[in-house]
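Residue numbers begin at 1 in each chain, while the letters A, B, ... track the order of the sequences. Keep in mind it's a predicted model, so treat the numbers as computed, not measured.
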Amino acid sequence: MNSVRVRFAPSPTGYLHVGGLRTALYNYLFARKNNGKFILRIEDTDRNRYVEGAVEKLISSLKWCGLEYDEGPDVEGQYGPYMQSERLAMYKQHAQQLVDAGKAYYCFCTPERLEALREDQQRRKLPQTKYDKHCLSLNKKEIDEKLSSGIQHVIRLNVETDQKIIFDDIIRGKIEFESNNVDDQVLIKGDGYPTYHLANVVDDHLMEISHVIRGEEWLSSTPKHVLLYNFFGWEKPRFAHLPLLLNPDRSKLSKRQGDVAVEDYRNKGFLKDALVNFVALLGWNAGDDQEFYYIDELIQKFSLEKVNKSGAVFDLEKLNWLNAEHLRKKSNDELLKMLRVEILNSQFAIHNYPDEYLLRVIEAMKERVSFVYEYLTKSPYFFERPREYELASSEKNWKSETPSQITKLRDRFSTLQNPTKEDYENALKQLAAELNIGVGKLIHPLRLAVSGMSTGPGVYDILVILGKDEVTERIHSAVEKIR
RNA sequence: GGCGCGUUCGUCUAGUGGUCUAGGACGCCGCCCUCUCAAGGCGGAGAUCACGGGUUCGACCCCCGUACGCGCUACCA
């Protein structure tokens with residue numbers, strides 16, 4: 001059995017698109033599952049689209065997601081270099097080989113002639129617009145003259161007419177094209193750089209790529225690649241074209257309708273485990289009911305045969321849910337580390353909370369948060385005294401008799417020695433009984449007094465975490481401040 | 001326009017000719033739990049399986065057509 005070698009081959013646009021993440025992930029899962037190699041190759045053959053620092057950003061996003069590659073720009077391998085811009089000589093040499101064999105030819109047409117040709121074809125309502133092979137008729141002498149005169153030129157693929165181009169896609173099955181619909185694609189551009197089509201075929205062959213797993217947008221140009229493999233006399237890799245990721249309106253996932261960069265989701269507080277888990281399920285399912293996965297389980301269960309054919313809408317609601325699920329599964333120690341980072345980046349950075357204290361907060365809030373930052377936004381009262389009191393709750397629960405009742409409660413609390421949850425609870429219940437009122441008459445104002453809010457963990461848990469002195473202090477100032 | 005690919009609850013999906021009066025998950029609604037909010041448990045609404053023809057004793061599953069959607073149609077990837 002031939003060894004599995006797959007690659008993720010993005011062009012460095014400045015960030016890692018979530019669709020790109022999904023493609024990278026499937027390549028990674030497939031490689032790991034089959035004891036193969038996962039390679040990162042940068043397709044930077046478009047000089048007009050050069051973006052400073054793009055490769056570094058791409059790599060850092062990929063690594064943040066946990067997708068470690070075996071060979072790449074910064075990981076030594078036997079098949080480098082892994083930046084296409086550093087492989088120009090290879091493309092040139094292979095293009096020349098094709099020219100010598102009559103499978104490709106020099107073209108000296110100007111952009112103006114090409115544009116005019118296209119317009120003419122459109123005006124005549126031809127079924128398709130394609131190059132007219134004008135330069136194919138040039139003789140050797142004419143070509144040599146033009147070449148030595150230094151005039152700009154490209155090299156084009158010489159597509160034969162009336163051929164059937166058939167290939168097998170792992171996900172979609174047999175796919176058939178007519179060569180008459182395939183244009184004489186430019187292989188080497190005027191600036192000497194290769195186009196994607198030439199570069200990806202040459203590299204995939206030289207790098208011994210066994211499976212080309214890429215987005216569906218490449219399906220239509222695969223016949224060009226197949227032709228290239230045939231012309232070179234090379235064995236083709238297996239192809240697998242992945243369904244697209246879509247906006248809620250089912251158009252191709254784009255910036256216009258929300259965040260598309262992995263970095264965006266990272267900044268919003270999503271866990272890499274959740275993002276990876278979510279994106280894995282967009283277009284793939286093991287055939288069972290499992291939805292929660294760690295990457296190791298994905299590796300075990302993944303197979304290309306189970307990848308869907310149709311596009312999947314990127315549904316934030318489900319991502320949110322998965323994030324909460326993954327967050328809740330984290331150990332308290334892991335959460336502590338993450339919470340510390342969150343605090344450092346918040347208005348509470350000036351405070352110094354003991355681990356012991358934060359661990360108790362985590363225990364109390366764990367079931368109530370979907371994001372780490374929510375420890376701060378949903379229970380700010382664990383980090384600072386309430387600055388204000390929720391109006392809806394004070395109007396509902398803070399009656400005219402409340403100040404005196406709650407003050408009595410405070411007095412009871414202050415007599416307790418190292419009170420436990422139960423001690424607080426007993427004290428409150430006893431007072432309620434003595435005052436002949438329901439416990440709710442004390443509990444709700446108490447919650448409001450110590451937290452400023454009406455929601456959160458059980459009040460007694462809050463009291464224990466805050467500690468007696470803090471609690472009595474907060475009750476005191478609440479009595480003064482509310483209303 | 002041409003070529004290609006696709007089409008099961010709002011969304012992600014299970015389903016490979018009879019087990020489907022179509023299962024799960026997210027979201028939504030209700031109930032339980034309960035000092036609140038979550039979490040959890042239970043239940044509900046939600047898909048004439050895009051449509052129309054075949055094939056078959058029998059079609060979500062096979063074939064053909066139509067519609068719709070998406071992709072490609074560059075010296076961009």
Participant: Using only modelled atom types and a 3.5 angstrom limit, is any donor from either the side chain of R250(A) or the base of C70(B) paired with an acceptor on the other?
Facilitator: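 There is none.
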
Participant: Are R156(A) and C75(B) close enough that a side-chain N or O sits under 4.0 Å from OP1 or OP2?
Facilitator: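 R156(A) to C75(B) OP1/OP2: side-chain N or O found under 4.0 Å.
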
Participant: Ignoring hydrogens and angles, answer whether the base of C5(B) and the side-chain atoms of R172(A) contain a donor-acceptor pair closer than 3.5 Å.
Facilitator: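 Per atom types, no contact qualifies.
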
Participant: A39(B) phosphate, OP1 or OP2: any side-chain N/O from S370(A) under 4.0 angstrom?
Facilitator: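 No, because none of the side-chain N or O atoms of S370(A) sits under 4.0 Å from OP1 or OP2 of A39(B).
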
Participant: Would you say K252(A) reaches C72(B)'s phosphate, i.e. side-chain N/O to OP1/OP2 under 4.0 Å?
Facilitator: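 So the side chain of K252(A) is within the cut-off, an N or O lying under 4.0 Å from OP1 or OP2 of C72(B).
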
Participant: Taking only side-chain nitrogens and oxygens of T45(A), does any of them come within less than 4.0 Å of OP1 or OP2 of A77(B)?
Facilitator: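 So the side-chain polar atoms of T45(A) do come within 4.0 Å of the phosphate oxygens OP1 or OP2 of A77(B), strictly under.
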
Participant: Taking atom types as they are modelled, is there a donor-acceptor pair under 3.5 Å from the base of G1(B) to the side chain of Q128(A)?
Facilitator: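 It does not, because no donor-acceptor pair links the side chain of Q128(A) to the base of G1(B) below 3.5 Å.
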
Participant: By the 4.0 Å heavy-atom rule, please label P457(A) as base, sugar-phosphate, or nothing.
Facilitator: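 P457(A): base contact, heavy atoms under 4.0 Å.
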
Participant: On a plain distance test, is the side chain of K318(A) in donor-acceptor contact with the base of A25(B) below 3.5 Å?
Facilitator: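 Yes, the side chain and the base share a sub-3.5 Å donor-acceptor pair.
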
Participant: Could you tell me whether the phosphate oxygens of C76(B), OP1 or OP2, come under 4.0 Å of any side-chain nitrogen or oxygen in K189(A)?
Facilitator: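 Indeed, a polar side-chain atom of K189(A) lies that close.
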
Participant: If each of S251(A) and N48(A) is mapped to the nucleotide of RNA chain B with the nearest heavy atom, which maps nearer the 5' terminus, i.e. the 5' end?
Facilitator: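 Its nearest nucleotide lies further toward 5', so the answer is S251(A).
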
Participant: On RNA chain B, nearest-nucleotide positions of V439(A) versus E317(A): which is more 5'?
Facilitator: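 Its nearest nucleotide lies further toward 5', so the answer is E317(A).
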
Participant: Strictly below 4.0 Å: does N308(A) bring a side-chain N or O up to OP1 or OP2 of U8(B)?
Facilitator: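 For U8(B), neither OP1 nor OP2 has a side-chain N or O of N308(A) closer than 4.0 Å.
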
